[in-house]
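Okay, structure first, notes after.
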Amino acid sequence: MTPLFRCEDLSRTYGSGRNTVVAVHGARCEILPGTRTALIGPSGSGKSTLLHLMAGLEQPTSGERSWPGLGGDPTTSPWLIGVVFQAPSLLLPLDVVENVELPLLLAGTDRAEARERAVAALDSLDLGDLGPKLPEELSGGQAQRVAVARVLAGRPRLILADEPTGQLDHETGAHVLDVMLHAADRLGAAVVISTHDPAVAALLDTRWAVADGRLSTSEGALR
Ligand SMILES: Nc1ncnc2c1ncn2[C@@H]1O[C@H](COP(=O)(O)OP(=O)(O)O)[C@@H](O)[C@H]1O
Ligand SMILES: [Mg+2]
């Protein structure tokens, strides 16, 4: 099977001189279609940087990466990869439904279909009533669920979710995860979720550990 993403000796360094931080060091991995992977590691271990490298949002300092199963360069077809960001990412002047449909409109989807898909994605996360609200009227957890809906509405082939349940109570977190995994099944999408919650990681097929910027893709490393 052709991997959606692969990397070899991938590194990302921030700063210079005495302030150098090696956020990701020599990562090697493949993400195959339809797979579900947890990236497990403590805060500061490099999970977000690795996900941003996988998304094409960060440039590596060294090493190789490619997206053979996504037709090459994802920055020219950004809807193929859906990213649920760890930090708040809704656009404040737009209401909820406008936030969810914006990537579809930017990708050239017609207005009626974009609205229909945005509403369906919000409904699937029990957020149907929030459509006309502004981001500032939402709780942190609601905003995070809207960000998940925005990704699902885009029907990506690869979903990268950065601690998507970090701000949610246990029950809501489990529901969001369930919806995300079912949507991924329907779309035939692969999922990579970063987390430090073992209960979240346990729901996924594969667990990769990240520690001090080093990615370990063998399960044995977690024991
Ligand atoms: N834009 C940045 N500038 C400088 N340092 C950064 C930046 N982003 C991340 N880092 C550093 O890189 C390391 C890994 O960060 P990050 O990938 O956010 O880890 P995690 O998501 O696991 O908490 C940390 O030491 C962090 O402080
Ligand atoms: Mg992070």
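Remember, it's 1-based here, ligands and their atoms both numbered in the order they're listed. It should be emphasised that the depicted structure is a prediction, and the values quoted were computed from it without experimental measurement.
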Taking the side chain from S139 and the backbone from Q142, do they hold a donor-acceptor pair closer than 3.5 Å?
yes

List the closest protein heavy-atom neighbour of atom 20 (P) of ligand 1: residue, atom name, distance to the nearest 0.1 Å.
G44 N, 3.4 Å

Below 2.8 Å, which protein N, O or S atoms neighbour the Mg ion (ligand 2), ignoring water?
S48 OG, Q86 OE1

With a 4.5 Å cut-off on side-chain heavy atoms, are T35 and T206 touching?
no

Would a distance-only check, ignoring hydrogens and angles, find a side-chain to backbone donor-acceptor pair under 3.5 Å from K47 to T195?
no

Give the residue and atom name of whichever protein heavy atom lies nearest to atom 8 (N) of ligand 1, and the separation in Å to one decimal.
Y14 CE1, 3.3 Å

Please list the nearest protein heavy atom to atom 18 (O) of ligand 1 with its residue and the distance rounded to 0.1 Å.
S48 CB, 3.7 Å

Closer than 3.5 angstrom, by distance alone: can the side chain of S194 be matched with the main-chain N or O of E163 as a donor-acceptor pair?
yes

Judging by distance only, is a nitrogen or oxygen of E163 under 3.5 angstrom from one on ligand 1?
no

Tell me, which protein residue and heavy-atom name are nearest atom 12 (O) of ligand 1, and how many Å apart are they?
A23 CB, 3.3 Å

Please write down residue, atom name and distance for the protein heavy atom closest to atom 19 (O) of ligand 1.
G46 N, 3.1 Å

Could you list which atoms of ligand 1 come closer than 4.0 Å to a heavy atom of S45?
19 (O), 20 (P), 22 (O)

For D178 and A174, indicate whether the former's side chain and the latter's backbone hold a donor-acceptor pair under 3.5 Å.
no

Verify atom 22 (O) of ligand 1: protein non-hydrogen atom under 4.0 angstrom away:
yes

Below 4.5 Å, heavy atoms only, C-beta onward: do L50 and L39 meet side chain to side chain?
yes

Pick one of side chain, backbone, both or neither for how P42 approaches ligand 1, counting any non-hydrogen atom pair under 4.0 Å.
backbone

Tested for side-chain hydrogen bond (donor to acceptor under 3.5 Å, both in side chains) against E101, the lone hit among R150, R111, R115 is R115

Can you tell whether the side chains of R12 and E58 come within less than 4.0 Å, N to carboxylate O?
yes

Report the C-alpha separation of D126 and H175 in whole Å, then their side-chain angles, then the decisive distance to 0.1 Å, and conclude whether the side chain to side chain donor-acceptor pair (under 3.5 Å) test is met.
CA-CA 10 Å; D126 295 334; H175 174 61; 3.3 Å; yes

Work out whether the distance between some heavy atom of S43 and some atom of ligand 1 is less than 4.0 Å.
yes

Starting from atom 16 (P) of ligand 1, find the nearest protein heavy-atom neighbour and note its residue, name and distance.
T49 OG1, 3.8 Å

Go through R36 and D185 one step at a time and tell me if the salt bridge (charged side-chain N to carboxylate O under 4.0 Å, His left out) criterion holds.
CA-CA 10 Å; R36 275 127 189 53; D185 277 341; 2.7 Å; yes

Which protein heavy atom lies closest to atom 27 (O) of ligand 1, and at what distance to 0.1 Å?
V21 CG1, 4.9 Å

So L104 and W79, do their side chains get closer than 4.5 Å, heavy atoms only?
no

Below 4.5 Å, heavy atoms only, C-beta onward: do P42 and H196 meet side chain to side chain?
no

